[in-house]
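Read through the structure below, which is laid out as structure tokens, and then see the notes.
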Number of protein chains: 2
Amino acid sequence: MLRMSRVPSIAPQTGTAAQILDVAERLVQTRGYNGFSYADIASELGVTKATLHYHFRTKAELGGRLMVRYTESFGSALASIGAAESSALEKLQSYVQLYGEVIRDERMCLCGMLAAEYATLPPSIQVEIRRFFDVNEQWLTTVAEQGREANTLRFDGAPAEMARLLVSTLEGAMLIARSYDDPARFDASARRLLDEMTPRADA
Amino acid sequence: MLRMSRVPSIAPQTGTAAQILDVAERLVQTRGYNGFSYADIASELGVTKATLHYHFRTKAELGGRLMVRYTESFGSALASIGAAESSALEKLQSYVQLYGEVIRDERMCLCGMLAAEYATLPPSIQVEIRRFFDVNEQWLTTVAEQGREANTLRFDGAPAEMARLLVSTLEGAMLIARSYDDPARFDASARRLLDEMTPRADA
DNA sequence: GTCTATAGGTGGATAGAC
DNA sequence: GTCTATCCACCTATAGAC
């Protein structure tokens, strides 16, 4: 389809398609998949709906590509945190901060939002939702294992279970914090959970 | 159609209005507020959309009354649990079970679902969402205080913060468990969190 | 690649007969 | 209380000109 064939590979993501994804992403994160329309994106970008359909034939395709981009971007951030020379606890704190930036932008996690609307979404998007959570849990499981091994993290049970607890708590805390327009609610719950995992001096 | 007009006042909630609320509740919990229409309810009940508008003038009014009924019903359940002669830990287990029944019915918490769509909802519904969370947090705060006092619960920090952490975790765990159609995911996260709050024999 | 124009469907909501 | 009939705004999507 020769999309953006002239854009030098050095300067990416400034084309129309990327702008559409940017606006769509914010709309899904704030209003949900069933809460925005092509007309919303078009008016914001100053183009027509037909233009959007040229770049993304259907809304389902737009949603799917949105999720793929989001998971890729998130995965890169996780890889970066994972590669750093920091303790497992510090890595978890960085992880929490990723979510914190989203909630401070008055958004919900893209994937948490779509998880709520799961039953109404096309299967191609449903698959991507689970993939996002899988990526998160795998990364967290590894960090949890390393942390307990090195005594920088303290918790009972399987690392994979702790990973799922972390994701659940952060997603839920975002959901509620947004209803109160109060990011501090997210911070408090995240901090309390991490505190439970911090090795105690008296132990 | 003379629907149940003869039912004695002893047998409540069998009228058309209650049936509409029942169907609407399930639809919101599975598909979200923006994921269902009057046509969905009407076809399921075998009536026309006009009938729905007779009982609930607007969708916003239907949504508001749905939330009020839900919070009332939930509040009754909490009062019942709170009045029982059981330990604070057992009360928390009963609380978790309330959510567990919802997820086992393949539903999301009505309020968690609406919290996701918060930005698209009429203010009259937004108010009710926060009220639901407030009711939950107040009840949990009381239970947490009593439990720590009686040494049947163990946790650091303010009881109100622990209450918020509990709600966040349960809501998030429901959100994710539903995407995997796996209630066990909810159970595992809930159990792990309660385990952290269980007094240890070696302490 | 973006436009105008429009198709075909569904959304919430109302008027008026019964 | 429930129906038929209808309104109009909005939805996703397409055809074809430029």
Side-chain angles (χ1 to χ4, degrees), chain A residues 1-8 11-24 27-28 31-66 114 117 119-125, chain B residues 1-7 9 12-25 27-28 30-67 114 117 119-125:
Chain A
M1 216 181 248
L2 273 187
R3 180 156 305 127
M4 305 199 211
S5 50
R6 304 273 158 60
V7 175
Q13 306 307 63
T14 50
T16 303
Q19 289 180 33
I20 293 169
L21 286 175
D22 288 341
V23 173
L27 287 173
V28 175
R31 305 180 53 87
Y33 184 83
N34 296 321
F36 84 99
S37 72
Y38 268 36
D40 295 329
I41 304 175
S43 76
E44 191 160 332
L45 289 179
V47 298
T48 63
K49 291 183 289 177
T51 296
L52 304 193
H53 281 285
Y54 171 80
H55 292 282
F56 304 93
R57 188 163 291 268
T58 66
K59 193 180 178 182
E61 186 187 319
L62 172 59
R65 287 225 243 149
L66 213 48
L114 293 176
E117 300 175 293
T120 72
L121 301 176
S124 57
I125 298 184
Chain B
M1 216 184 244
L2 268 189
R3 191 178 306 273
M4 322 240 176
S5 52
R6 304 270 160 62
V7 175
S9 57
Q13 306 306 64
T14 51
T16 303
Q19 288 180 31
I20 293 169
L21 286 175
D22 288 341
V23 174
E25 186 173 272
L27 287 172
V28 174
T30 51
R31 305 178 54 86
Y33 184 84
N34 296 322
F36 84 100
S37 71
Y38 267 36
D40 295 328
I41 304 175
S43 77
E44 192 160 333
L45 289 179
V47 297
T48 62
K49 290 189 292 176
T51 296
L52 305 192
H53 280 286
Y54 170 79
H55 291 282
F56 304 94
R57 190 163 291 266
T58 66
K59 193 180 180 184
E61 187 187 317
L62 172 59
R65 287 224 244 151
L66 214 48
M67 273 302 308
L114 293 176
E117 300 175 293
T120 71
L121 301 176
S124 57
I125 298 183

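Quick note: numbers below take in every heavy atom, side chains included, and nothing from hydrogens, waters or symmetry partners. In what follows, chains carry the letters A, B, and so on, assigned in the order in which the sequence lines appear, proteins first and then strands, with residues in each chain numbered from 1.
- Taking all atoms of both residues into account, the shortest heavy-atom contact from B:F56 to B:Y38 is O-OH, 3.0 Å.
- A pairwise comparison of heavy atoms in B:V28 and B:Y33 identifies CG1-N, 4.1 Å as the closest pair.
- Contact check, A:Y54 against C:dG1: a side-chain N or O comes under 4.0 Å of OP1 or OP2.
- Phosphate proximity of C:dC3 to A:T48: present, with a side-chain N or O under 4.0 Å from OP1 or OP2.
- Between its two ends, the helix from C:dG1-D:dC18 to C:dC18-D:dG1 turns its axis by 0°, counting five pairs per end and rounding to 10 degrees.
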Letter per nucleotide, 5' to 3', of nucleotides 11-18 of chain C [B base touched, S only sugar-phosphate touched, - untouched; heavy atoms, 4.0 Å]: SBBBB---

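- The closest donor-acceptor contact from the side chain of A:E117 to the backbone of A:G32 lies at 3.5 Å or more, if one exists at all.
- For B:T51 and D:dC3, the shortest distance from a side-chain N or O to OP1 or OP2 is below 4.0 Å.
- A:I41 has its CD1 atom 14 Å from the C1' atom of D:dA13, to the nearest Å.
- At a threshold of 4.5 Å between non-hydrogen side-chain atoms, the residues A:L62 and A:I41 count as touching.
- For A:E61 and D:dT12, the CD to P distance is 15 Å, given to the nearest whole Å.
- At D:dT2, one or more side-chain N or O atoms of B:T16 fall inside 4.0 Å of OP1 or OP2 (strictly under the cut-off).
- What separates NE2 of B:H55 from C1' of D:dC3 is a distance of 12 Å, to the nearest Å.
- The main-chain N or O of B:S37 is never found under 3.5 Å from a side-chain atom of B:K49 such that the two would form a donor-acceptor pair.
- For the pair A:T120/B:T30, no side-chain contact is recorded, criterion being any heavy-atom separation below 4.5 Å from C-beta on.
- Pairs of residues two or more places apart, or lying in two chains, never qualify as salt bridge (Lys or Arg N to Asp or Glu O under 4.0 Å) while including a residue from residues 30-39 of chain B.
- A pairwise comparison of heavy atoms in B:R65 and B:H55 identifies NH2-O, 3.1 Å as the closest pair.
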